[in-house]
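Numbers here simply count residues along the sequence, with the first being 1. Just so you know, ligand 1 is whichever comes first in the structure, and atom 1 is the first atom listed for that ligand.
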Amino acid sequence: MRYIYILCFLLISGFANAQNARKTESFNAGWKFYLGDEPNAKEAAFNDSKWRSLNLPHDWSIEGPFDEKHSTGQNEGGLPAGIGWYRKTFTVPASAKGKHLFIDFDGVYRNSEVWINGHLLGTRPNGYISFEYELTEHLKFGAQNVIAIKVDNSQQPNSRWYSGSGIYRNVWLVTKNSLHIDHWGIQLTTPIIKDKQATVELAISVKNAEARINGDKNAIVVFPLQVKTTVYDATNKQVASNITFANMTDDIERQRIFQAIHIPNPKLWSTNLPYIYRVRVQLQNGTQLVDEQTINTGIRTFNFDAVKGFSLNGIPTKINGVCMHHDLGVLGAAVNTRAIERQLQILKDMGCNAIRTSHNPPAPELLDLCDRMGFLVMDEAFDMWKKKKNKFDYAVDWDKWHVQDLQDQILRDRNHPSVFVWSIGNEIREQRDSTGITIGRELVDIVKQLDKTRPVTSALSDADPTKNFIYQSGALDLVGLNYHQEVYADFPKNYPGQKFIGTEQMSALESRGFYDEPTDTTRFWPQSSKEKYTRGNPEMAVTAYDNVAAYWGSTHETTWKIIKKYPFLSGMFVWTGFDYLGEPTPYPWPARSSYFGIVDLAGFPKDVYYMYQSEWTNKPVLHLLPHWNWQPGKTVDIWAYYNNADEVELYLNGKSLGIRKKQGDDLHVVWKVKYEAGTLKAISRKDGKIVKTEQVVTAGEPYQIKLNADRSTIKADGKDLSFVTVTVLDKQGNPVPNADNLIRFNIEGAGVLKAVDNGSQTNLQSFQSKQCKLFSGKCLVIIQSGQKKGNIAVTATGNGLKSASLGLIGG
Ligand code: GAL
C-alpha cells in the first residue's frame with residue numbers, strides 16, 4: 001500500500017489561521033412566518049413577501065389569545081397551537097465552496113420538516129431535542145438559498161403542560177471544513193481528581209465529510225492530525241495544554257482521538273463556587289488549523305450513598321431542588337437567556353441548588369447558566385415511553401425515535417458539570433407491566449454507552465418495590481420517588497442497599513397574596529381523582545398559607561421535614577419552582593396556569609419561598625404573612641418564617657402579642673390575632689440580641705404607582721430584558737396589598753414592551769397587552785432592548801392614581 005502524504009510534518013509552533021476553523025453564526029434573524037398550513041411553502045420559488053417578518057426564537061402560542069376552545073390542548077393552558085411555516089432566504093458566499101454547511105436547531109415544537117431549496121432534509125417529531133442537518137449538497141454558492149420549515153403542533157392534546165409552538169429555541173448556521181470535529185464530538189471527563197492535580201480526559205471524534213469509503217485503496221491519503229488542547233482557568237490564564245498526534249486515512253469517515261491533560265492544583269466546581277475551566281480543542285491537519293471548539297468544564301466529584309445520602313466534593317449536601325417546566329411564564333417557550341437567568345437567580349436566592357428539567361431535555365442555555373451559577377441538574381428525557389398519557393403525545397413516535405433522541409440528549413449534554421443525574425422518564429406507565437423491565441434496561445444501556453460517569457434514575461410514582469417493573473429491571477442506579485412521602489422513612493427497609501433520590505415532591509397549591517382563614521388544618525384539593533376540579537371560591541385562587549396540596553402530594557413543610565430528617569434521603573425536587581402555563585389544578589378553565597410554584601408565573605415569590613430561604617440559606621430571614629388589611633375584629637393567623645434566631649416577638653401597634661419559638665421540627669410560628677388597623681411588627685432575637693425586624697402596615701387607599709426595575713441598564717442587543725415590578729402605594733408610601741388597579745404602560749425610546757402579567761392563574765388578558773391589572777397588589781412589565789443604544793422611558797398610568805415613570809438605559 002502506498003501512502004501519499006499530502007503535508008509534511010513540521011514542528012508546530014502555533015495554530016494560526018483561525019478563520020479556517022469552523023464558523024458558528026446565529027441564524028435567528030430575518031425569518032418569514034405564516035400561521036397555518038401552506039404546503040407550497042417548501043418550494044424555493046414560493047412567494048412569502050406577504051408573510052410576517054420575525055426573528056427567532058419564536059413561540060406563536062404565547063401570542064394568544066386565551067380562549068376556552070384551546071383549553072383542552074396544551075394541557076388546558078387555553079392558548080392556540082396549530083401549524084406554522086417559517087422561511088428564510090439567505091446568501092451563501094461563493095468563498096464557502098468546498099466547505100460543509102450545517103443548520104443546527106436547539107429545539108422545535110414539534111414535528112418539524114426542514115426543506116432546503118425544495119429538498120427535504122428530514123423530519124423530527126420530538127419537540128425538545130436538538131438536531132442538525134447538513135445543507136451542503138443542496139446549496140447554491142454565491143447565490144440565494146431558501147430554507148423552509150413546517151412545524152406541526154396541530155394534533156392536540158400531545159402534552160400535559162404548555163409546550164409552546166414553533167422554532168422556540170435558537171438556530172445556528174455552522175460552516176466546517178471537510179475534516180472537522182464531529183457534531184457533539186468531544187467527550188470530556190475528569191476521572192482523577194486530587195488536591196495537587198486533576199486529569200481531564202478527552203475523546204475527540206474527528207469526521208471526514210469527504211471520506212472515500214469505497215475509494216482506491218492504492219491511493220490512500222493520510223491526514224497527519226494533531227489535537228492541541230489548552231485549558232484556561234476562570235481568569236483566562238492558561239493552566240495546562242497537550243498535543244496528541246494521530247494519522248487518519250481518507251478511506252474512513254470517523255476516528256476517535258484520546259487525550260489526557262493534567263491541571264495542577266485544581267479548583268473545584270460546586271454549587272457555592274461554580275469554578276469553570278475553559279477547554280479549547282484545536283484540530284490541525286499538518287500545519288493547517290481545520291477546526292476549533294471550546295467547552296466549559298468544572299472539576300467535581302459526587303457520590304450517592306445508601307446510608308449517607310448525597311455528597312458533593314466529599315461534603316454531605318442535601319439536594320435542595322425544584323422541578324421546572326421549560327416555559328418562561330409570560331414569554332412562553334421562546335428561549336431568552338436573561339429570562340432563564342432571572343428564574344435561576346430567584347431560585348438561587350432561595351437557596352435552591354438543583355433543577356430537574358421536567359420532563360424533557362432543556363434549552364442548552366439553561367445548562368450553560370446552571371454550570372456558571374452553580375446548580376446541579378437532573379436532565380430528564382421523557383414523560384412517556386411507548387404507552388401514551390395523551391392521545392397524540394410522543395408515544396406515537398416512540399418506536400422510531402427513542403433511541404436517537406436519547407442518544408442525542410446524552411451526546412449534547414454530557415460535558416456539563418451541572419448535569420449530575422440522567423432521568424429516563426417521569427411516571428412512566430410501563431412501571432406497571434413487564435415492558436418496564438425491558439425498556440428500562442434498554443434506555444439505561446443507551447445512556448451508559450455514552451456516559452458512564454453519572455447515575456441513571458427514573459421518576460417512579462409507584463412506590464411499592466415489589467410491583468414496580470422499572471425498579472425491578474435492576475437497571476437504575478438511583479431509586480427516584482415521586483410523592484409517597486409517607487414511605488420515605490422506611491426506604492432502607494423497603495429498598496435494602498438502594499440509593500434514594502426524591503425526583504418530585506409536594507404539589508402544594510398557592511396563589512400569591514391570597515389568604516383564607518383559619519389555617520389550623522391541611523386541605524387536599526382535589527381530594528381524589530374523582531373530585532378533580534372541585535370549585536372552591538369564586539376568585540379561583542388558593543390560599544398562600546402553606547396548608548393546601550393536591551391529594552397525591554403534601555404541603556411544603558410536610559415533605560421537607562421528612563427529607564431534612566434522614567441522611568439517606570439525598571434530597572428532593574419540589575413540584576415546582578415556578579408556576580407554569582397549563583395544568584391548572586385544582587381549578588379548570590378559566591384558570592390557565594398551575595398553582596404549584598413556590599414563585600408565581602410573573603416571578604414574584606409566594607410566602608413559602610421564605611420558608612425555604614430560612615431553611616436552605618444562612619441569610620437572616622424573618623418573613624410575616626399575611627398582609628394587614630382586614631375587616632375590623634376578624635381573627636387572622638399570623639405566620640412567621642425565621643432562622644438564625646431563638647424566638648420571635650410580635651407587636652400590634654406597639655403592644656406585644658407574645659413570643660413564639662419553633663418547637664421540635666416546626667418550620668414556622670403562629671399567632672392568632674384580632675385584626676385592628678395599624679402596624680404589625682416582628683422582632684427575631686438570638687441570645688437576647690435582635691437579629692431582624694420586619695413589619696407589615698395597614699395600607700390606605702391606592703394613591704400612586706411605583707415602578708422598580710430589576711436592572712436599569714440592559715444590553716442594546718434586541719434580546720436583553722428589564723423586569724419591572726409595578727406596585728401601588730397609599731399616600732404614606734405603604735404598598736396596597738389587595739390593589740387590583742388597571743395600569744397602562746407607555747414605552748418610548750430604545751426599547752419595547754415585551755409582555756405583562758400579574759401572576760394570577762386566572763388572568764386571561766393577553767401577555768402582549770399594553771395594560772395589566774394588578775393582582776394582590778402587583779404586576780410585571782417586561783421591557784426588551786432594541787438593537788440601538790439609547791434611553792428607554794417607561795411610564796405607568798392608572799385611573800385616579802399618580803402616575804410613575806422610570807428611565808432605563810439600553811447600552
Ligand atoms: C405529577 C407529574 C407532574 C405534574 C404533577 C402535578 O404526578 O409527574 O408532571 O403533573 O403531578 O401535581
Looking at Phe604, is Lys778 sitting on its ring face, NZ or CZ under 6.0 Å from the six-membered ring centre and within 45 degrees of the normal? yes
* To do: Please check if the side chain of Asn468 supplies one atom and the backbone of Asp462 the other of a donor-acceptor pair under 3.5 Å.
  => yes
So the salt bridge (charged side-chain N to carboxylate O under 4.0 Å, His left out) pairs with at least one residue in residues 349-364 (sequence neighbours excluded) are Asp349-Lys619, Arg356-Glu380, Arg356-Glu504
Practice item. Flag the pair Arg512 and Asp600 as a salt bridge only when some basic side-chain nitrogen lies within less than 4.0 angstrom of an acidic carboxylate oxygen. Key: yes
Can you tell me how the ring of His359 sits relative to the ring of Trp575, calling it parallel under 30°, perpendicular over 60° and tilted otherwise?
parallel
Within the 4.0 Å heavy-atom cut-off around ligand 1, the contacting residues, ordered by chain and number, are Arg160, His359, Asn426, Glu427, Asn482, Tyr483, Glu504, Ser507, Trp552, Trp575, Glu583, Phe596
Heavy-atom nearest pair, His325 first then Ser358, reads ND1-O, 2.9 Å
